[in-house]
A.B. asks: 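Pasting a structure here, questions to come.
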Amino acid sequence: MVKYQLLQGNRTNLPVNGFQNSTTGFRLTNQLSPAGVHLGRSPKPQKWAISEAPMLRNYKPLLPIAANSLFNHIQSSAFQQSLPPLSRFSSGYPKMATNESIKPENEDQLKHIFDQKRVLRSSVRKALKAMDPSFRSQEDNVIQSIVLEAPWFKSSQRLCAYVSCSALREVDTSRLLSEILQHPPKDGHSKKIYVPRVEDKNSHMRMFNISRMDDLIANSMNILEPAPVDGDGNEREDVMQTKDPIDLFLLPGLAFDKSGRRLGRGGGYYDTFLKNYQELAKARNWKQPLLVALSYSVQIMDEGIIPLTPNDVLVDALVSPSGVIPISSAGLDKMKV
């Protein structure tokens, strides 16, 4: 059988399951927020002038398969050699990773980890671009349905969730947000939700309470964010100033593994915010919130592939189209596995 290659803007030597595509490429451009700072997230793609070949139309349904092949190659690369696979619980569920012992001895070692992450991010973005839009939409619907039907979601009263951006190929959360804001639980107690707003270039992000989708406005990257004040000029409630603890965080990311490692987009916004909130919860003797990441199937990697630094925050569970994957003891307990 003739082996082919997946073309993603630049030619690659990676083998992918038996076909070759000429596909539309994208160039990433640096765009700024209204405050004139880089947000640390992949900007909206712009098309290159590359026409779509007939063969691509024939094989579009197979693009997710190609993406999986891309990850199989990555998992046998230097990433796996640099970070050995982690052990699992005897029950068959993954063991939580830990970054407590990760203390790079010098700047060169830390730079090596950041270089690994940068290369991995590039590969993940290519795999996400290779997903057929209809296939991605199907996974969006399945993931959101799983969350909406989950007991741990239904029982949460105060939660933080990201507002998805289609251009970034994040798992869609529009249905989740609409359900939370428009349909309170049967017991009559509505959920309280906080969504992110990037403040500056120093990984500073805040979470503000919203009561309707109209509270969100698009920034220069077409990402919806809450304004610091509402339509009446009143300051919105900041989650770091609330008197009650948060039950649940729904988190985005570029890649995840089954030991809780999360690869972000490089800005450090979520890791910084989560660490600050965890310290706040500890100081106030609150129960720590459940950290749940939403992930497409192509974003889940083998254990040990994603490099860790001391500042990385691990997640308690993953939700993918295949179901819920509890990881930490809190995830196992909360999800009654």
Side-chain angles (χ1 to χ4, degrees), residues 40-42 64 67 71 94 96-97 121 124-125 127-129 131 133 135-156 158-181 191 193-196 205 207 210 213 216 223-225 246-265 267 269-271 273-274 277 289-301 306 312-328 330-332 334-335 337:
R41 306 175 74 184
S42 299
F71 278 107
M96 189 74 171
R121 286 188 184 101
V124 176
R125 289 189 180 105
L128 288 171
K129 289 177 184 178
M131 289 183 71
F135 180 76
R136 184 158 66 98
S137 179
Q138 291 175 8
E139 293 209 346
D140 283 330
N141 290 331
V142 172
I143 293 170
Q144 291 182 96
S145 294
I146 291 173
V147 174
L148 289 171
E149 294 302 318
W152 47 266
F153 174 79
K154 292 181 178 180
S155 63
S156 64
R158 292 167 296 277
L159 66 154
C160 294
Y162 69 97
V163 182
S164 59
C165 176
S166 179
L168 298 178
R169 294 173 177 83
E170 295 174 325
V171 173
D172 188 20
T173 57
S174 59
R175 183 176 155 207
L176 293 174
L177 296 177
S178 295
E179 290 288 331
I180 292 170
L181 296 172
K191 296 181 185 294
I193 186 167
Y194 301 81
V195 296
M205 181 177 75
M207 290 268 189
I210 62 170
M213 294 299 291
L216 301 174
I223 298 173
L224 294 176
E225 295 181 328
I246 296 298
D247 304 312
L248 173 67
F249 276 83
L250 296 178
L251 304 172
L254 268 178
F256 313 89
D257 75 12
K258 297 180 181 180
S259 65
R261 301 183 184 200
R262 170 186 170 272
L263 179 71
R265 296 181 180 273
Y269 291 94
Y270 272 94
D271 287 324
F273 181 87
L274 291 172
Y277 186 84
L290 190 68
L291 307 183
V292 178
L294 308 186
S295 173
Y296 292 120
S297 53
V298 299
Q299 292 178 287
I300 298 180
M301 311 190 75
I306 301 174
D312 292 333
V313 175
L314 306 172
V315 301
D316 297 307
L318 299 175
V319 180
S320 77
S322 300
V324 179
I325 305 174
I327 299 169
S328 69
L332 290 165
K334 188 71 174 179
M335 294 169 178
V337 176

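Note that the numbering runs from 1 along the sequence shown for the chain.
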A.B. asks: Before giving the answer on side-chain contact (heavy atoms from CB on, under 4.5 Å), spell out for Leu318 and Val292 the whole-Å C-alpha distance, their side-chain angles and the decisive distance to 0.1 Å.
C.D. replies: CA-CA 6 Å; Leu318 299 175; Val292 178; over 6 Å; no
A.B. asks: Where do Glu170 and Leu294 land on the side-chain contact (heavy atoms from CB on, under 4.5 Å) test, with the steps shown first?
C.D. replies: CA-CA 9 Å; Glu170 295 174 325; Leu294 308 186; over 6 Å; no
A.B. asks: Using atom types as modelled and distance alone, determine if a side-chain donor or acceptor of Asp257 lies under 3.5 Å from a backbone N or O of Met301.
C.D. replies: no
A.B. asks: Step by step, would you call Tyr162 with Val195 a side-chain contact (heavy atoms from CB on, under 4.5 Å)?
C.D. replies: CA-CA 6 Å; Tyr162 69 97; Val195 296; over 6 Å; no
A.B. asks: Counting only N and O atoms by type, is there a donor-acceptor contact under 3.5 Å from the side chain of Ser137 to the main-chain atoms of Pro133?
C.D. replies: no
A.B. asks: Under 6.0 Å between ring centres: does that hold for Tyr270 and Phe249?
C.D. replies: no
A.B. asks: Report the residues that fulfil side-chain hydrogen bond (donor to acceptor under 3.5 Å, both in side chains) with Asp271, sequence neighbours left out, ordered by chain and then residue number.
C.D. replies: none
A.B. asks: Quick one: does any side-chain atom of Arg261 pair with a main-chain N or O of Phe256 as donor and acceptor, under 3.5 Å?
C.D. replies: no
A.B. asks: Does Asp316 use its side chain to pair, donor to acceptor, with the backbone of Leu290 at less than 3.5 Å?
C.D. replies: no
A.B. asks: Would you name the heavy atoms of Pro321 and Ser295 that are closest together and state the gap between them?
C.D. replies: CD-O, 3.5 Å
A.B. asks: Hey, does the side chain of Arg121 reach the backbone of Gly264 with a donor-acceptor pair shorter than 3.5 angstrom?
C.D. replies: yes
A.B. asks: Walk me through it: do Ser156 and Lys334 pass the test side-chain contact (heavy atoms from CB on, under 4.5 Å)?
C.D. replies: CA-CA 11 Å; Ser156 64; Lys334 188 71 174 179; over 6 Å; no
A.B. asks: Report the residue from Leu176, Thr173, Leu250, Leu224 that forms a side chain to side chain contact (heavy atoms under 4.5 Å, CB included) with Ser164.
C.D. replies: Thr173
A.B. asks: Strictly distance-based, threshold 3.5 Å: is any side-chain N or O of Glu139 a donor or acceptor partner for the main-chain N or O of Tyr296?
C.D. replies: no
A.B. asks: Is it the case that the side chain of Asp247 and the backbone of Arg158 share a donor-acceptor pair, with hydrogens and angles ignored and the cut-off at 3.5 Å?
C.D. replies: yes
A.B. asks: Donor-acceptor check, side chain of Arg265 to backbone of Leu168, threshold 3.5 angstrom: yes or no?
C.D. replies: yes
A.B. asks: Do you know which of Val142, Val171, Ile325, Val324 makes side chain to side chain contact (heavy atoms under 4.5 Å, CB included) with Val319?
C.D. replies: Val324
